[in-house]
Amino acid sequence: MSTYRDRTSHDSTRATMLRTVAGRGSVATRERRSHLSAPRVPTVGIDIGGTKVMAGVVNADGTIAEQIRTETPDRSKSPKVVEDVITELVLDLSDRHDVHAVGIGAAGWVDSDRSRVLFAPHLSWRDEPLRDALQARLAVPVMVDNDANTAAWGEWRFGAGQGEDHLVMITLGTGIGGAILEDGRVKRGKYGVAGEFGHMQVVPGGHRCPCGNRGCWEQYSSGNALVREARELALADSPVAHHLIERVGGRAADVTGPLITDLAREGDAMCVELLGDIGRWLGIGLANLAAALDPSCFVIGGGVSAADDLLIGPARESFRRHLTGRGYRPEARVVRARLGPEAGMVGAADLARLVARRFRRATRRRLERYERYERAAAQLGLAPRTREGAR
């Protein structure tokens, strides 16, 4: 993979690469319907989770031209280590594609200006100026948002949420992410941190969560919860876990979510039961959200959603059983995300096109001012200004 130092001189000569721009002011609602007029150019989407960093070049129709991924650096390392990985991935893709902007979907709370990651439970970011840090190193505009927000946008634009005007996205991965999308607008709240459903308390005094509280929803319905339960049974040498124990050679630390899903598909009763438990907790949380938000559709994404009906089926049943006013009200649809694990990456890339559009408008205005000055200078017999001076 190329390094930033190797690419610096090359990037400076690429006429198609845009210069870095820093966003100004609140941009919390600017994407409303504006995707219709966004430039149809390729952009890079980055999805940063607790275990992986996924990057891809995405076309204007939502198709992925190329995708690469790597593991998320250990949380004990400095935030710069993750930024180094992101930079490497973007520059590597820029070697082969004409990249016009970069969108970041980060697993954490992003402020209303979409510039700083305020808090990331599964990463070491604390009030991290991620957008500015990356714009200082890349030659394209950068957009930062919460990863669930970008996933919801991707599903609304290209996936299972198309045509929905009140959509709630739930992403089940290392933890639980969430997003609210109404009438083509991501609802971020006053401070930018709306949709953190994974940290709703569902069991007072329950399992400790990395966020510092106890009993958070994601401690009972997430990839971490699934693996934790399976490992506990394996460490106890439970007879119901004998297939799982055999598959990992007795090493409980090697148990992973995808392995549990694979065994469940093969008919392993314990793994089917574990996914059913995760699904039932998912349904309880969805019923609570329906009481508060009354959406038309819940889209379930993230890595754990790969279990499909082994997870979604129990979730639907639990949702109906716990829904307030059940039998006397319309029920929201509960569907699996169509874009799969790539939803956040695709959504981030699509939102980044709006940044590219604003940059193009600003550049066009600067050039128009320069051209007006040239005409006026010619009429008055003044020396023409340089283009740098017109900025």
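Quick note: numbers below take in every heavy atom, side chains included, and nothing from hydrogens, waters or symmetry partners.
Looking at heavy atoms from C-beta onward, Arg131 lies out of side-chain contact with Arg114 at the 4.5 angstrom threshold. Annotation: side chain of Ile68 is in contact with side chain of Asp92 (closest heavy-atom distance under 4.5 Å). Taking 4.5 Å as the limit, every side-chain heavy atom of Ile48 sits out of range of all side-chain heavy atoms of Asp147. Here the side chains of Arg228 and Gln219 are in contact, with some heavy-atom distance below 4.5 Å. Inter-residue side-chain proximity for Phe197 and Val168 is flagged as met; some heavy-atom pair is nearer than 4.5 Å. The shortest side-chain heavy-atom distance between Asp165 and Ser296 falls under the 4.5 Å cut-off. Residues Glu66 and Leu93 form a side-chain contact, since some pair of their non-hydrogen atoms from C-beta on lies under 4.5 Å apart. The shortest distance between side-chain heavy atoms of Arg336 and Asp308 falls below 4.5 Å.
Using a 4.0 Å cut-off between charged side-chain N and carboxylate O, Glu71 and Lys52 make no salt bridge. A salt bridge links Arg188 with Asp145: at least one charged nitrogen is closer than 4.0 Å to a carboxylate oxygen. Of the charged side-chain nitrogens involved, none lies within less than 4.0 Å of a carboxylate oxygen, so that Lys80 and Glu128 do not count as a salt-bridged pair. Using a 4.0 Å cut-off between a side-chain N of Lys or Arg and a carboxylate O of Asp or Glu, Arg329 and Asp294 qualify as a salt bridge.
Legend: residues meeting side-chain hydrogen bond (donor to acceptor under 3.5 Å, both in side chains) with Asp268, ordered by chain and number and at least two apart, are His243. Listed by chain and residue number, Asp254 satisfy the side chain to side chain contact (heavy atoms under 4.5 Å, CB included) test with Arg251 (two or more places apart in sequence, or in another chain). A search for salt bridge (charged side-chain N to carboxylate O under 4.0 Å, His left out) contacts involving Arg231 returns nothing, not counting sequence neighbours. In terms of the side chain to side chain contact (heavy atoms under 4.5 Å, CB included) criterion, residue partners of Asp277 (sequence neighbours excluded) are, by chain and number, Glu273, Arg280.
With 3.5 Å as the limit, one finds no donor-acceptor pair spanning the side chains of Thr150 and Asn146. A donor-acceptor contact closer than 3.5 angstrom links the side chains of Trp109 and Glu196. With hydrogens and angles left out, the side-chain atoms of Ser115 and Asp113 include no donor and acceptor closer than 3.5 Å.
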Would you check, one step at a time, whether the test salt bridge (Lys or Arg N to Asp or Glu O under 4.0 Å) holds for Arg247 with Glu266? CA-CA 13 Å; Arg247 186 67 67 90; Glu266 294 170 11; 3.0 Å; yes
Check the pair Trp156, Gln162 against side chain to side chain contact (heavy atoms under 4.5 Å, CB included), reporting the backbone distance first and the verdict last. CA-CA 5 Å; Trp156 179 70; Gln162 292 184 83; over 6 Å; no
Assess the residue pair Glu164 and Arg333 against the criterion (salt bridge (Lys or Arg N to Asp or Glu O under 4.0 Å)); give the C-alpha distance rounded to whole Å, side-chain angles, the decisive distance to 0.1 Å, and a yes or no. CA-CA 10 Å; Glu164 298 288 349; Arg333 295 189 305 125; 2.7 Å; yes
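Judged purely by atom type and a 3.5 angstrom limit, Trp217 uses its side chain to pair as donor or acceptor with the backbone of Trp281. Side-chain atoms of Trp153 do not come within 3.5 Å of backbone N or O of Asp350 as any donor-acceptor pair. A side-chain donor-acceptor contact under 3.5 Å links Glu155 to the backbone of Ala160. In terms of modelled atom types and a separation under 3.5 Å, the side chain of Thr43 and the main chain of Ala349 share a donor-acceptor contact. With hydrogens and angles ignored, the 3.5 Å screen pairs a side-chain donor or acceptor of Arg353 with a backbone N or O of Val41. One N or O on the side chain of Thr171 and one on the backbone of Gly177 form a donor-acceptor pair closer than 3.5 Å.
Contact between Val99 and Ser94 at its shortest, heavy atoms only, is CG2-OG, 3.8 Å. Closest of all the heavy-atom pairs between Gly161 and Leu167 is CA-CD1, 3.4 Å. A pairwise comparison of heavy atoms in Phe319 and Ala290 identifies CE1-CB, 3.9 Å as the closest pair.
Grouping Ile, Leu, Val, Met, Phe, Trp and Tyr residues whose side-chain heavy atoms lie under 4.5 Å apart, directly or via other members, places Val58 in a hydrophobic cluster with Met54, Ile64, Phe158, Leu339, Met345, Val346.
Atom CG of residue Leu130 and atom CD1 of residue Ile104 lie 6.0 Å apart, to the nearest 0.5 angstrom.
Both Leu311 and Leu259 are members of a single hydrophobic cluster when ILVMFWY side chains are connected at heavy-atom separations under 4.5 Å.
For residues 309-319, the pairs satisfying side-chain hydrogen bond (donor to acceptor under 3.5 Å, both in side chains) are Ser318-His322, with sequence neighbours left out.
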